[in-house]
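Order of appearance sets the numbers: ligands from 1, and atoms from 1 within every ligand.
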Amino acid sequence: MLTHTLGFPRMGLARELKTALEAHWAGSLSLDALLALAADLRLRHWRLQREAGIDLVPVGDFSLYDHMLDAAARFGVVPPRYGHAGGPVTPDLYFRMARGGQDASGDVTAMEMTKWFDTNYHYIVPEFARDQSFALVGDALTDQAREAKDAGFPAKAVLPGPFTFLLCGKFADAAGDPLDLLPRLLPAYRELLGRLAQTCPWIELDEPVLAQDLPGELAATFRDAYGSLIAAAAPARLMLATYFGGIAHNLPCVADLPLGALHLDLVRDPVQLAVVARALAPETSLSLGLIDGRNIWRVDAAAALARIELAASHVGLERLMVAPSCSLLHCPTDLDAETRLDPALKRWMAFAVQKCRETRLLADAAAPGGRERPDVAAALAENRAAWEDRRQSRLAVDDAVRARVAAISVDLFHRPAPYPERARAQRAALALPPLPTTTIGSFPQTPEIRRARRDFKRGVLDAAGYEAFLKDTIADVVARQEALGLDVLVHGEAERGDMVEYFGERLAGFCFTENGWVQSYGSRCVKPPVIHGDVSRPAPMTVAFSTFAASRTAKPMKGMLTGPATILCWSFVRDDQPREATRRQIALALRDEVADLEAAGIRVIQIDEPALREGLPLRRKDWDMALALAVDDFRLTAAVARPETQIHTHMCYAEFGEIVLAIAAMDADVISLEASRSRMELLSAFADFAYPNEIGPGLYDIHSPRVPSVEEMEDLLQRAAAVIDPARLWANPDCGLKTRAWPETTAALAHMVEAAKRARKRLGLA
Ligand code: GLN
Ligand code: ZN
């Protein structure tokens, strides 16, 4: 039974690639040195995987920035603004496409970036022209395949398939179906596969779009295309890889295709196995994605082996392959590098290297007589023991939390009064002007703030010194907001390096790794918190800083919390209970914080849910249920507040039309949204539905240092007032200001406050 992986983390254990990329961009590392490091990392990663027992190592999973950008570069898909005259895409051009550029050679914006399916990885969106042509202008992939071969590694070339490449891209003018370009793209793919076949025994085309909803009539096109690709790849065997969800709903696309292998994500959807197995052509192997490529937990070997047995009963053991569910890009590199994790918790985990070993173990154990091998038997026994330990460990289960969840009753989801009544109470309590002005929470994270945090974490600055520094910062932020004349103030979030990590560090049931980095985009990595056990809140988390901030002003001070859906979405979540069960516990813990903030005199509380939408399932049919559950947890968090306490929420994206009903069901008193880049178009979604509560559509884009004029923001407010009752309208920026510097922040907010004043007058509200 062959083992393989679909991809390995790119950065290196010490994030060497990040360091080298950033040095190269800063001009202090030559291109040659960067490329040499990249080649070295590839070799190192192949070796690690082989040593861990992987038969076929992936080639092409490595990237200097992103695999979709690699695909665009390979086929010459370069938007006209980069002035590319054809031919290979040089590294310099490649990085300009990824990051934009402002220098002697011109001023160009970067290509758009968006989330890779439902992961937290961001890819570069291929941008097609109407008359786009495709030619194989660069073939780094074949070069790398040769690198692997020369080094003695049996390799499988890995690249996005043509459907995923097109469907994850867009036309520059945003209208039309990129799939229209397929006939022009396929010859370039065939040429590439023909070349790769000289070097690689296997070629993998990734089509995660098969886990999404696809138009039914696509099946014939898909089968035709793959028929020709299989032929072009001969004598290499073509593997079609699907992941992030099941593909049973798109079975007609793949049924009876004479593929070398079909890869399934059996972690996300184990049930598809029987249906898909029955539809395979007799020569097609089945690659079982049994190891979770997106999480950090050990496989449950007994359960995975039962799946292998089931698969063998359908297609026979000799047609099976074993692999992680998807690329290991989405999990950290090596658990052995963790020296400070509680050993009891560490025993439950597996990072990329360990997941390769698990893949080997499953293959060995499933082979005839495999379980009798002493090394296999010992590894299986250890796996079973770790799981038994995890199932009964106090690190996973907290009886008090369980009892509290069991006792939840429906009334906990409802504010004590409906919105109109609450609005009256809040108006009386807060005495705000019409079109109140506020911000989304964070203020500039200055170098001084980052330095103080670093010094504190390193022990150079003691707790008292750090707290004094933070209080000074907060006092300063409050004074600046007073001077600007904002109506509802914030403390500025200087104490938070990250809006999820901050809460994770204060909640029971979370732990943190030292080196658990995962690529977010380009050279950016994140280190998600790990939720290993039942979640509870031992002590208030935000009350001290919020009340300190409130003590510095007579104006309302907004308390700031990260919501349950966002905490879940940006963490590694335990896999021994449903994700919803974990989110419910988080909601209860945050509910306690809402109650404590209120009791401490905070009368406005914002619960951020920027990740509510991105956590949605891949298929539309599953959205309603998922949204209903997420909305319930938001309500469970917020509903403890008294009528006169104003609950805000914040989300930062513009596609609201599809989820506006769910947003309304959250029943926040006020919602702030990203809106400036779409010039308030999203408001029509709210107008059509007659959104019942208050809204703050973002009046300016915080992602750029640009300072919009008073007139510009007043105009946006007027447009908003045309579709939403001005009595329910707020004035605020798009999102938090942590990535901005002070000069533009002060200037933009001054303009915003002035715009609100003028709009009040013009609308006759003042
Ligand atoms: N309150 C957070 C901030 O201002 C919200 C961030 C977000 O929406 N991503 O930074
Ligand atoms: Zn935001």
Side-chain angles (χ1 to χ4, degrees), residues 113-115 120 122 437-446 449-450 453 470 473-474 477-478 480-481 486 488-504 520-521 524 526 528 541-542 545-546 549 557-571 590 593-594 597 602 604-615 634 637-638 646-656 659 663 666 668 670-678 682 695-704 730 732-742 744-745 748-749 752:
M113 201 163 59
T114 194
K115 293 234 169 192
N120 288 325
H122 302 72
T437 54
T438 190
T439 61
I440 306 305
S442 57
F443 269 93
Q445 292 254 336
T446 57
I449 294 176
R450 282 197 294 269
R453 183 180 308 129
L470 288 173
T473 307
I474 290 170
V477 168
V478 174
R480 287 174 189 257
Q481 294 172 86
L486 287 155
V488 173
L489 311 195
V490 297
H491 76 284
E493 301 180 25
E495 79 285 14
R496 304 182 191 176
D498 174 273
M499 66 188 284
V500 170
E501 182 186 51
Y502 181 81
F503 290 92
S520 169
Y521 64 88
R524 272 284 296 240
V526 295
M541 305 181 282
T542 66
F545 287 131
S546 284
M557 177 59 58
K558 185 156 66 163
M560 284 294 156
L561 304 177
T562 303
T566 300
I567 291 183
L568 196 77
C569 200
W570 294 346
S571 300
L590 292 170
E593 190 71 13
V594 171
L597 280 170
I602 300 296
V604 182
I605 300 169
Q606 178 170 309
I607 305 163
D608 290 325
E609 283 290 28
L612 186 80
R613 189 180 190 288
E614 68 187 49
F634 180 90
T637 301
Q646 189 169 63
I647 298 290
H648 290 220
T649 189
H650 165 74
M651 297 172 190
C652 26
Y653 36 78
E655 311 90 53
F656 293 96
I659 61 167
I663 291 177
M666 291 164 78
V670 184
I671 178 169
S672 60
L673 304 163
E674 197 252 65
S676 65
R677 272 176 294 184
S678 58
L682 80 100
I695 310 182
L699 294 181
Y700 75 91
D701 179 8
I702 58 87
H703 300 90
S704 135
W730 285 64
N732 48 258
D734 251 357
C735 192
L737 297 158
K738 72 189 277 189
T739 57
R740 293 273 58 85
W742 271 111
E744 73 255 22
T745 298
L749 289 177
M752 187 186 87

For ligand 1, which atoms, with element, lie under 4.0 Å from some heavy atom of [X]?
X: Cys652; result: 7 (C), 8 (O), 9 (N)
X: Asp608; result: 1 (N), 2 (C), 5 (C)
X: Ser442; result: 3 (C), 4 (O), 10 (O)
X: Gly441; result: 4 (O)
X: Gly736; result: 3 (C), 4 (O), 10 (O)

Polar contacts were defined as any N/O atom of the residue lying under 3.5 Å from an N/O atom of the ligand; does this apply to [X] and ligand 1?
X: Lys738; result: no
X: His650; result: yes
X: Trp570; result: no
X: Met499; result: no

Among Arg453, Arg740, Arg450, side chain to side chain donor-acceptor pair (under 3.5 Å) partner for Gln445: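 Option passing the side chain to side chain donor-acceptor pair (under 3.5 Å) with Gln445: Arg453.
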Metal site angle (apex the Zn ion (ligand 2)), SG from Cys735 and SG from Cys652, 10 degrees: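 Value, to the nearest 10 degrees: 120°.
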Between the main-chain N or O of [Y] and the side-chain N or O of [X], is there a donor-acceptor pair closer than 3.5 Å?
X: Glu495; Y: Leu470; answer: no
X: Gln606; Y: Lys558; answer: no
X: Thr649; Y: Ile607; answer: yes
X: Asn120; Y: Cys569; answer: yes
X: Ser672; Y: His650; answer: no

Ligand 1 contact on Pro610 by region, counting heavy-atom pairs under 4.0 Å: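 Within the 4.0 Å criterion, Pro610 contacts ligand 1 through side-chain atoms alone.
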Minimum-distance protein heavy atom relative to atom 7 (C) of ligand 1: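 Closest protein heavy atom to atom 7 (C) of ligand 1: Cys735 SG, 3.6 Å.
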Side chain proximity check, Thr542 to Ile602, heavy atoms < 4.5 angstrom: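 Of all side-chain heavy-atom pairs linking Ile602 with Thr542, none is under 4.5 Å.
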Option passing side chain to side chain contact (heavy atoms under 4.5 Å, CB included) with Gln481 (candidates Thr438, Leu486, Val488):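 By the side chain to side chain contact (heavy atoms under 4.5 Å, CB included) criterion, Gln481 pairs with just one of Thr438, Leu486, Val488: Leu486.
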